[in-house]
Structure formats: C-alpha cells, structure tokens
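Reading through the structure tokens given below for one structure.
We're numbering straight along the sequence, starting at 1.
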Amino acid sequence: MESITGTDLLIFFGFGLAILTISILAVLFEESDKTIGRLPFLGWMAALLLLPGIGKLAGGIFAGLAVSLALTYPVMQRYVQRARDAGMSKTIAFLSIIPLVSLITSLILLIAPGVSARISSEAPAVFSNAG
C-alpha cells in the first residue's frame, strides 16, 4: 500500500473545492421551469452513487473523482428541479451540498409528492355515462 503524498492531498483538495463550487453554481444558475418526478430523481441519485465507484474500479481513484466532478452539475440541477416539483425552494438544494444533510434532503425529495400528483388527487372525478 502506497502512502499519500502532499501532491495527492492537494489534488484531493482541488477536486473537493471544484465539486463544491460547481454545486453552488449549478443551484444558482438553474432558472428553468423544468421539474423532475420521484423516479427519475431516484435514477440520478443511483447514478451519483454507482458511477464514481465504477470509474474508480476502471481507472483508479482519480477516474472516480473525475466522474464525480462530471456528475456534479447535472445532479445538482436535478435537486433544484425535484424541489420545484415538490413545491419547495432552492434552499433544500443548497442544504444538500452539506455531506450528511444531503442524505436527509434526498430522502425528503424522494418522499415528497410532486405537483402533478397533488393536482391529480385534487382534481374532481369526471364520469362519462353513455347510455
């Protein structure tokens, strides 16, 4: 097992800072009216958990970090879109940048019904009785 050098620590710190910066920018600049449902959001969360590990296995730790870096912007946009669908503000997406808090915010966004689900449950039933 090789030891971690100062250069390795500097690279890890750089990746961490880049991921933090990209996360903040993604939340700030997501201004579209798009929403995303619970199932697609679950798919993005699974990708965020699985793909960096696969990248690490395929090409080492730096490949895993590079995959994490590439996934950061679209995943944070999906946080904002899911929060919008659940009727929440961007604040929950900002909270998801904090490591352990992100588990709680992800669960909240996965459980919260979307706007389309609320509209369909509040809509009056229309019966068509041909006869």
Count the heavy atoms of every other residue, nucleotide or ligand shown that sit under 6.0 Å from CG of Leu39, and state whether that count exceeds 12. no
Please report the interatomic distance CH2(Trp44) to CZ(Arg82), rounded to the nearest 0.5 Å. 15.5 Å
side-chain contact (heavy atoms from CB on, under 4.5 Å) against Leu20, all qualifying residues, sequence neighbours excluded: Ile24, Ile97
Applying ring pair (Phe, Tyr, Trp, His ring centres under 6.0 Å), name anything that partners Phe12, two or more places apart in sequence or on another chain. Phe62
Remaining members of hydrophobic cluster (4.5 Å side-chain criterion), Val101: Leu95, Ile98
Which residues pass the side-chain hydrogen bond (donor to acceptor under 3.5 Å, both in side chains) test with Ser32, not counting sequence neighbours? Glu30
Under the side-chain hydrogen bond (donor to acceptor under 3.5 Å, both in side chains) rule, what pairs show up with a residue in residues 13-29, not counting sequence neighbours? none
List in chain and number order the residues that pass side-chain hydrogen bond (donor to acceptor under 3.5 Å, both in side chains) with Ser106, two or more places apart in sequence or in another chain; answer none if no residue qualifies. Tyr79
So, taking the atom named CG in Asp33 and the one named CD in Gln81, what distance separates them when rounded to the nearest 0.5 Å? 10.5 Å
Tell me whether Leu65 shares a hydrophobic cluster with Leu48, the cluster being built from Ile, Leu, Val, Met, Phe, Trp, Tyr side chains joined at under 4.5 Å. no
Linking I/L/V/M/F/W/Y whenever their side-chain heavy atoms sit closer than 4.5 Å, directly or via other members, would Met45 and Ile54 fall into one cluster? yes
Taking every non-hydrogen atom, the tightest pair across Ser96 and Met76: OG-CE, 3.4 Å
For Ile92, give me all partners under side-chain contact (heavy atoms from CB on, under 4.5 Å), at least two apart in sequence or on another chain. Ala83, Met88, Thr105, Ile108, Leu109
Decide whether Leu103 and Ile19 are clustered together by the hydrophobic rule: side chain heavy atoms of Ile, Leu, Val, Met, Phe, Trp, Tyr closer than 4.5 Å, transitively. no
Taking all heavy atoms of Val67 and all of Pro52, pick out the closest pair and write down the distance. CG1-N, 3.8 Å
Nearest non-hydrogen partners of Ala86 and Ala112, listed with the distance: CB-CB, 3.9 Å
Would you find a donor on one side and an acceptor on the other, under 3.5 Å apart, between the side chain of Arg38 and the backbone of Ile111? yes
Would Glu31 and Lys90 count as a salt bridge (Lys or Arg N to Asp or Glu O under 4.0 Å) if you check the C-alpha gap in whole Å, the side-chain angles of each, and the deciding distance to 0.1 Å? CA-CA 10 Å; Glu31 294 294 333; Lys90 285 184 177 183; 2.7 Å; yes
Taking side-chain hydrogen bond (donor to acceptor under 3.5 Å, both in side chains) as the definition, give me every residue that meets it alongside Thr91, ordered by chain and number, with sequence neighbours left out. Ser89
Heavy-atom pair with the smallest gap, counting every atom of Ala93 and Val27: CB-CG2, 3.9 Å
Apply the hydrophobic cluster definition, ILVMFWY joined by side-chain contacts under 4.5 Å directly or through others, and give me every member besides Leu10. none
For Lys34, give me all partners under side-chain hydrogen bond (donor to acceptor under 3.5 Å, both in side chains), at least two apart in sequence or on another chain. none
With sequence neighbours excluded, residues passing side-chain contact (heavy atoms from CB on, under 4.5 Å) with Leu50: none
Pairs touching residues 84-105 that satisfy ring-ring contact (aromatic ring centres under 6.0 Å, His included), sequence neighbours left out: none
Show the nearest heavy-atom pair for residues Leu69 and Ala18, with the distance to one decimal. CD1-CB, 3.7 Å
For Pro40 and Gly37, which heavy atoms make the closest approach, and how far apart are they? CD-O, 3.5 Å
What about Ile22 and Leu25, same hydrophobic cluster or not, with Ile/Leu/Val/Met/Phe/Trp/Tyr joined at side-chain heavy-atom distances under 4.5 Å? yes
Same cluster for Leu28 and Tyr73 if Ile/Leu/Val/Met/Phe/Trp/Tyr side chains link at under 4.5 Å? no
